[in-house]
Amino acid sequence: MSQISLTFPDGNTRDYAAGITPAEVAADISTSLAKKAISATVNGRHHDLQWPIDADASVAIHTMKDAPQALELIRHDLAHIMARAVQEIWPATKVTIGPVIENGWYYDFDREEPFTPEDLGQIEAKMKEIINARDAVRTEVWSRADAIAHYEKTGERYKVELVNAIPDDGQPIRMYWHGDWQDLCRGPHLQHTGQVPADAFKLMKVAGAYWRGDSKNPMLQRIYGVAFQNRDELKKYLTFLEEAEKRDHRRLGREMDLFHMQEEAPGQIFWHPNGWRIYTTLQDYMRRQQDRGGYVEVNTPQVVSRKLWEASGHWENYQDNMFIVEVDEDHAREKTVNALKPMNCPCHVQVFNSGLKSYRDLPLRMAEFGSCNRYEPSGALHGIMRVRGFTQDDAHIFCMESQIEAETAKFIEFLAAIYADLGFNDWTIKLSTRPEKRIGSDESWDRVEAALGNACKAAGYDFEVQEGEGAFYGPKLEFTLTDAIGREWQCGTLQVDPNLPERLDAVYIGEDGAKHRPVMLHRAVLGSFERFIGILIEEHAGKLPFWLAPRQVVVASIVSDADDYVHDVVRHLRAAGVRAEADTRNEKINYKVREHSVGKVPVILAVGMKEVDERTVTIRRLGEKDTRVSGLDDVIAQLSAEATPPDLA
RNA sequence: GCUGCUGUAGCUCAGUGGUAGAGCACUCCCUUGGUAAGGGAGAGGCCGACAGUUCAAUCCUGUCCAGCAGCACCA
């Protein structure tokens with residue numbers, strides 16, 4: 001048997017016979033390591049301790065202290081333990097897949113009866129039994145034919161499909177066992193079920209999920225679990241979820257009296273004065289930014305004839321998502337068919353097309369706060385983040401292909417500055433590349449994808465590639481932000497589109513005097529005001545930056561003899577550009593402080609007779625316990641400065 | 001759209017086969033109180049909508065609508 005040389009993280013090397021397993025290596029190093037070892041990284045790949053090593057390699061042995069590896073194993077093994085528990089309780093249940101995900105795992109089952117919340121408790125109890133049994137985990141390599149025969153015999157038709165889907169390139173088909181239960185799995189795994197902490201996991205919810213993620217397939221039942229290295233970590237996570245619930249924009253929208261939604265207008269927002277204040281403040285800010293960024297602003301119709309949607313291709317490809325408006329005109333043979341615009345782009349091309357454009361006009365950056373309506377699937381609606389009526393901070397940059405890269409780089413900087421002003425530092429870029437069904441030559445896709453990637457790099461940003469996720473006509477950049485519980489939302493975007501100018505016959509006159517086709521860049525920074533404000537609320541937990549806060553200051557009287565002075569202070573603040581309100585209700589100051597704190601008013605100025613006599617106010621800031629007395633003029637100057645939007649400061 | 005869960009006062013929720021309750025909010029009264037809920041009284045509901053079962057339905061059944069979670073979708 002040949003000798004191999006293993007290199008360890010500390011740089012030492014040792015020689016072993018080929019085929020040695022990490023478990024044996026750990027045992028050779030020390031008995032304590034052998035006991036604590038859970039897995040190993042061999043040449044950068046995470047394997048379990050039974051994985052034979054056939055050639056020279058770098059090897060790192062992991063223990064429960066190595067977070068990423070330990071968590072992966074715990075969650076992975078829990079997925080199997082849960083599947084076994086479910087099949088022990090309900091033997092007719094068919095198993096499918098169960099991967100590790102952020103914070104935990106899920107497993108999809110096929111079972112007639114739905115799982116109930118009570119069932120989850122029963123499953124958890126059974127899982128703890130399995131963990132306490134400390135069943136050894138072992139893996140076996142099976143032939144493809146044996147695996148298929150086995151699963152056909154046991155009626156596990158999903159597993160048959162999975163085995164068949166494994167590419168026939170000689171890679172082993174591994175079976176994983178603990179106790180009498182078995183699952184198809186490539187590993188890695190812990191040594192025995194008892195290594196999983198029995199008090200650091202929790203089953204969270206059941207939901208439907210399509211087999212293989214395809215809505216044409218049957219729907220399975222997915223059980224989600226979370227798991228950590230110990231009980232404290234689990235507790236920390238559950239506390240985080242509770243805290244996140246308090247940041248939910250739907251809850252804060254009510255507490256801060258920003259908006260409401262109701263059954264008669266699903267997916268549409270009734271903005272209350274406070275919420276609309278945020279909206280208009282943000283819009284004013286965006287308009288100033290766009291002016292500076294070299295955009296021209298336009299406005300286009302809401303209800304547009306079917307003819308234009310046919311020409312743009314939306315009628316064919318997007319009709320299911322459009323609100324169709326039929327108008328029965330007098331004496332008309334047929335009803336006139338229109339649609340509410342789901343996007344602004346076709347209308348912007350109409351503006352571009354009116355009047356001959358020269359290459360000197362390019363790049364032409366055409367912006368619109370464009371109100372759009374889309375008939376989104378009912379299950380997709382979510383608070384004000386995913387709605388059927390919304391306004392995009394939309395713009396289309398008409399340019400030559402050679403200008404794409406520079407325009408993209410310019411846009412990323414534009415977006416980054418705005419996100420920073422609005423308090424966002426964590427956001428990511430995703431580059432979606434050519435899908436299978438697409439138009440245009442590969443050479444053109446090569447050029448444009450490279451242009452987008454280069455622009456990101458030039459602006460100093462990394463990006464994640466989403467293979468095949470681009471639109472059929474071109475690649476796109478997505479700028480995503482996360483909500484209170486970590487769900488990602490696409491806000492900004494930039495999409496390259498040579499198709500629509502073609503369909504709607506947009507042209508410019510080039511230097512050569514001939515007609516040329518421009519490229520369109522669809523781009524948005526906020527995405528939609530609605531979604532962005534939702535994210536903004538959750539990001540700041542309702543405590544918006546002062547300049548965006550709908551109610552910036554409440555001046556509250558402590559005794560009614562101070563009421564006149566309260567109104568006087570409010571007048572001065574308003575004159576200085578601060579959104580101030582008086583609270584002279586017959587209530588104690590405690591009550592007023594509590595109410596306005598819940599309402600997330602950033603500054604409360606309390607006024608009693610002492611303040612009246614001295615022409616001062618007592619200032620209390622949201623989230624701070626202590627108060628401070630200041631002269632009225634100083635406070636007005638200070639708050640007025642804070643109320644100034646960052647771009648005007 | 002799919003699976004599951006939910007729908008009772010403005011909000012958060014309890015409850016029952018014989019047409020309803022709490023706390024907070026609201027209105028009025030008392031109270032003028034110094035930084036996260038002072039006290040009292042009052043008003044407020046087609047129990048999501050429509051059918052069915054029943055002597056009788058907010059409660060049981062069905063359909064629909066809306067919301068929540070996840071999946072799918074997201075030009």
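Hydrogens, waters and symmetry mates play no part in the numbers below; they use all other heavy atoms, side chains included.
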Between B/U3 (C1') and A/Asn217 (CG): distance, integer Å: 14 Å

A/Phe228 six-ring face occupied by A/Arg75 cation (under 6.0 Å, within 45°): yes

Range-with-range stems for RNA chain B, at least three Watson-Crick or G-U pairs under 3.5 Å: B:1-7 with B:65-71, B:10-13 with B:21-24, B:26-30 with B:38-42, B:48-52 with B:60-64

Residue pair A/Arg615, A/Asp568: steps toward the salt bridge (charged side-chain N to carboxylate O under 4.0 Å, His left out) verdict: CA-CA 11 Å; A/Arg615 202 170 168 76; A/Asp568 201 28; 3.7 Å; yes

Touch class at under 4.0 angstrom, heavy-atom based, for A/Arg212 against every strand present: nothing

Which nucleotide in B/C2, B/C68, B/C65 has an atom nearest any side-chain atom of A/Arg250: B/C68

Atom pair CE/CG of A/Met322 and A/Asn317 - distance to nearest 0.5 Å: 10.5 Å

Of A/Tyr224 and A/Val598, the one whose closest RNA chain B nucleotide lies more 5': A/Val598

Atom-pair distance (CG on A/Asp110; P on B/C2), nearest Å: 19 Å

Residue A/Val593, side-chain heavy atoms: nucleotide from B/A36, B/G7, B/C71 that is nearest: B/A36

Phosphate OP1/OP2 of B/C2: any A/Ser215 side-chain N/O under 4.0 Å: no

Sugar-phosphate only, base, or nothing, as touched by A/Tyr591 at under 4.0 Å among non-hydrogen atoms: sugar-phosphate

Sugar-phosphate only, base, or nothing, as touched by A/Glu611 at under 4.0 Å among non-hydrogen atoms: base

B/A66 versus B/A49 - spacing of their P atoms, nearest Å: 15 Å

Distance, rounded to the nearest Å, where A/Arg388 contributes CZ and B/C73 contributes P: 18 Å

Phosphate contact (B/G10 OP1 or OP2) by A/His260 side-chain N/O below 4.0 Å: no

Nearest-0.5 Å distance, CG of residue A/Leu162 to OG1 of residue A/Thr96: 7.5 Å

Phosphate contact (B/C24 OP1 or OP2) by A/Arg254 side-chain N/O below 4.0 Å: no

N-O pairing of A/Arg621 and A/Asp626 below 4.0 Å: no

Nearest-angstrom distance from the residue atom CD of A/Glu530 to C1' of B/C74: 16 Å

Ring-face cation of A/Arg388 near A/Tyr375 (centre distance under 6.0 Å, axis angle within 45°): yes

Polar pair under 3.5 Å, donor/acceptor by atom type, side chain A/Arg386, base B/C73: yes

Between A/Ser432 and A/Gln466: side-chain donor-acceptor atoms closer than 3.5 Å: yes

side-chain N/O A/Arg621 vs B/U35 OP1/OP2, d < 4.0 Å: no

Touch class at under 4.0 angstrom, heavy-atom based, for A/Met322 against every strand present: nothing

Phosphate OP1/OP2 of B/A69 contacted by A/Arg222 side-chain N/O (<4.0 Å): no

Any donor-acceptor N/O pair under 3.5 Å between B/G1 base and A/Tyr375 side chain: no

SG on A/Cys372 to CG on A/Leu340, rounded to 0.5 Å: 10.0 Å

Sugar-phosphate, base or nothing in reach of A/Lys610, heavy atoms under 4.0 Å: base

Base B/G34 to side chain A/Thr627, donor-acceptor N/O within 3.5 Å cut-off: no

Sugar-phosphate only, base, or nothing, as touched by A/Pro377 at under 4.0 Å among non-hydrogen atoms: base

Touch class at under 4.0 angstrom, heavy-atom based, for A/Gln262 against every strand present: nothing

Distance, rounded to the nearest Å, where A/Arg487 contributes CZ and B/C74 contributes C1': 15 Å

Sugar-phosphate only, base, or nothing, as touched by A/Gly470 at under 4.0 Å among non-hydrogen atoms: nothing

B/C73 phosphate, OP1 or OP2, under 4.0 Å from A/Arg374 side-chain N/O: no

Sugar-phosphate only, base, or nothing, as touched by A/Asp214 at under 4.0 Å among non-hydrogen atoms: nothing

Euclidean distance, atom CD of residue A/Glu614 to atom C1' of B/G34 [Å, nearest integer]: 14 Å

Side-chain donor or acceptor of A/Gln495 paired with backbone N/O of A/Arg523 under 3.5 Å: no

Sugar-phosphate, base or nothing in reach of A/Ala380, heavy atoms under 4.0 Å: base

Among A/Tyr419, A/Trp489, A/Phe479, A/Trp427, the one residue meeting ring pair (Phe, Tyr, Trp, His ring centres under 6.0 Å) with A/Phe532: A/Tyr419

First encountered from the 5' end of RNA chain B, between A/Arg594 and A/Asp248: A/Arg594

Sugar-phosphate only, base, or nothing, as touched by A/His382 at under 4.0 Å among non-hydrogen atoms: sugar-phosphate

Rounded distance (Å) that lies between atom C1' of B/A72 and atom CD of A/Glu469: 13 Å

Sugar-phosphate only, base, or nothing, as touched by A/Ser557 at under 4.0 Å among non-hydrogen atoms: nothing

